[in-house]
Amino acid sequence: MTSANAGTTAAAARIARTRIDLAMHVAFFLLLASSASRFAVRHGLEESAWPKFALCGLLALLYVAGTVLWDRLGHRGLLAWLVVVMIVWLSLVLIAPSFAWCAPPLYFAALRLLTRPAAVLGAVVVTAAVVFAQLRLTATFDLSLVLAPVAVSGMILVIFLEFDRLADALAATQRTAGILGERQRLSREIHDTLAQGLTSMGMLLQAADRSFGTDPAEARALVRRAADEAAANLDEARRFVRALAPSDLAAGSLPHALRSLADREGAALRVEGEEYPLTPEEQAALHRVAQGALANAREHAAAAHIVITLSYLDDEVALDVADDGCGFDPAAPRPGGAGRGYGLPGMRDRVAGVGGTLVVESEPGEGTVVAARLPRSRP
């Protein structure tokens with residue numbers, strides 16, 4: 001499971017739990033009202049019934065307080081709330097067995113808040129109270145009044161514990177997906193920054209080594225450029241460890257960042273359409289795509305000319321990086337095994353991560369075009 005899928009699944013699980021909680025809260029008040037109505041029908045509204053209705057009202061107020069303050073009480077506060085609610089409910093069931101109908105929502109609340117051993121104990125207490133209340137309402141012993149609550153209680157307990165186990169497994173999957181996602185992010189950043197920077201520094205130092213004997217001034221200039229490249233890559237490494245945007249973007253807009261990148265790499269830049277805002281994640285993805293495509297063109301395609309085109313269209317923003325290099329067959333296996341060619345999959349992952357698509361068009365001897373498309377996010 002990818003980190004995005006894990007996040008989606010976790011969000012769906014939270015929504016499902018919220019809906020279940022809401023359903024149980026509504027069910028409690030409906031069952032409480034039904035129990036009070038049944039008690040009133042059977043016993044009337046004589047003076048002796050009013051203490052029971054008062055206890056019923058107290059139970060309702062306590063339950064309302066718990067649902068309203070659920071997120072503020074904390075776990076210990078909710079445990080205290082549950083104990084008080086259960087004591088009031090059990091007291092009510094002892095004097096008015098009709099209120100045993102409220103057991104399922106309270107049973108669910110106990111399962112939500114207690115540890116598994118305590119939840120089992122709570123299930124026994126609630127089930128025993130329901131059985132006792134049902135037997136008090138009948139003149140003769142009926143085994144079904146014992147077996148039915150036990151069966152329902154056991155079924156709910158098993159379903160809830162299984163759901164809890166699956167939730168734990170989902171949490172573990174999320175942690176694993178988060179670790180893998182961070183590894184993928186660092187891999188992309190290392191490929192797009194450190195690896196390319198080290199390659200550039202190596203080429204500059206090799207050129208400087210060849211020039212030392214014939215042109216010391218040129219050699220020193222190349223060494224200074226290599227040192228500048230090292231400083232820039234150190235800054236990039238610090239930024240991606242902190243998950244920040246590329247340094248070019250920190251200094252200005254996406255066109256400005258691409259201009260700086262194109263100037264360093266000897267490429268041409270065209271900006272078409274009227275610029276509109278993009279999210280930081282979208283800008284970073286397009287910048288990294290341009291950076292990766294330029295590196296591929298320089299290191300593998302032996303391109304003489306590279307053109308970057310950034311187009312602000314009505315419904316999407318497009319980035320095209322075209323070179324006149326040697327080209328390749330995109331469908332063919334990459335030379336050097338699985339360790340080669342990480343750049344293109346990494347670029348696709350980046351663009352897909354912000355809801356876009358990336359297409360590579362190339363043929364041997366015909367150059368290459370890397371085209372990224374992001375749908376426009378409208379306010």
Side-chain angles (χ1 to χ4, degrees), residues 188-189 191-197 199-200 203 225 228-229 232-233 236 239-240 245-328 330 341-363 365-376:
R188 289 195 298 265
E189 298 290 359
H191 178 274
D192 291 346
T193 57
L194 297 187
Q196 296 173 19
T199 299
S200 179
M203 294 171 63
R225 286 179 59 189
D228 292 340
E229 187 74 24
N233 276 267
E236 283 291 336
R239 296 182 70 83
F240 76 63
S247 56
D248 285 339
L249 284 173
S253 64
L254 179 59
H256 178 274
L258 293 178
R259 174 66 65 189
S260 299
L261 179 63
D263 290 344
R264 289 198 303 271
E265 300 295 336
L269 174 67
R270 298 173 182 168
V271 179
E272 300 177 352
E274 184 176 352
E275 181 182 357
Y276 46 75
L278 301 175
T279 67
E281 294 78 12
E282 290 170 339
Q283 293 187 70
L286 291 175
H287 184 272
R288 293 304 193 197
V289 167
Q291 197 172 38
L294 286 170
N296 287 342
R298 182 183 64 237
E299 296 168 21
H300 306 302
H305 299 92
I306 308 172
V307 178
I308 306 172
T309 304
L310 176 65
S311 303
Y312 290 93
L313 307 175
D314 289 340
D315 56 349
E316 66 179 12
V317 59
L319 176 75
D320 298 302
V321 182
D323 68 67
D324 61 355
C326 60
F328 68 101
Y342 178 80
L344 291 178
M347 283 188 270
R348 286 195 177 94
D349 289 344
R350 280 187 184 280
V351 176
V354 290
T357 59
L358 184 134
V359 176
V360 178
E361 299 177 357
S362 184
E363 292 183 9
E366 298 295 331
T368 301
V369 177
V370 176
R373 300 289 185 271
L374 299 184
R376 181 177 181 180

**Q** Mind listing the closest non-hydrogen atom pair of P375 and G356 along with its distance?
**A** CD-CA, 4.1 Å
**Q** Measure the spacing between CZ of R288 and CG of D349 and express it to the nearest 0.5 Å.
**A** 15.0 Å
**Q** Would you check if the side chain of E316 reaches a backbone N or O of R373 as a donor-acceptor pair within less than 3.5 Å?
**A** no
**Q** Quick check: closest heavy atoms across A285 and V354, and the distance to 0.1 Å?
**A** CB-CG2, 4.0 Å
**Q** Drop me the distance from H287's NE2 to R350's CZ, to the nearest 0.5 angstrom.
**A** 10.5 Å
**Q** Which heavy atom of T368 sits nearest to which heavy atom of G327, and what is that distance?
**A** OG1-CA, 3.7 Å
**Q** So how far is it from I308 CD1 to L286 CG, rounded to the nearest 0.5 Å?
**A** 11.5 Å
**Q** Which heavy-atom pair separates F328 from S362 by the least distance, and what is that distance?
**A** N-OG, 3.0 Å
**Q** Name the residue from L310, V271, L319 that meets the side-chain contact (heavy atoms from CB on, under 4.5 Å) definition with L254.
**A** L310
**Q** Would you sort out whether N296 and M347 count as a side chain to side chain contact (heavy atoms under 4.5 Å, CB included), showing the intermediate values?
**A** CA-CA 12 Å; N296 287 342; M347 283 188 270; 3.7 Å; yes
**Q** Once rounded to the nearest 0.5 Å, what's the spacing between atom CG of D320 and atom CZ of R270?
**A** 10.5 Å
**Q** Between CG of D263 and CG of L258, what distance do you get to the nearest 0.5 Å?
**A** 10.5 Å
**Q** Could you tell me the separation between the CZ atom of R264 and the CD atom of Q291, rounded to the nearest 0.5 Å?
**A** 7.5 Å
**Q** Please answer whether the main-chain N or O of L313 pairs with a side-chain N or O of Y276 as donor and acceptor at a distance below 3.5 Å.
**A** yes
**Q** Determine, stepwise, if the pair D323 / V321 fulfils side chain to side chain contact (heavy atoms under 4.5 Å, CB included).
**A** CA-CA 7 Å; D323 68 67; V321 182; 6.0 Å; no
**Q** Please report the shortest heavy-atom distance between S253 and E275, naming the atom on each side.
**A** CB-OE2, 3.4 Å
**Q** Might you point out which heavy atoms bring A372 and V289 nearest each other, and give the distance in Å?
**A** CB-CG1, 4.3 Å
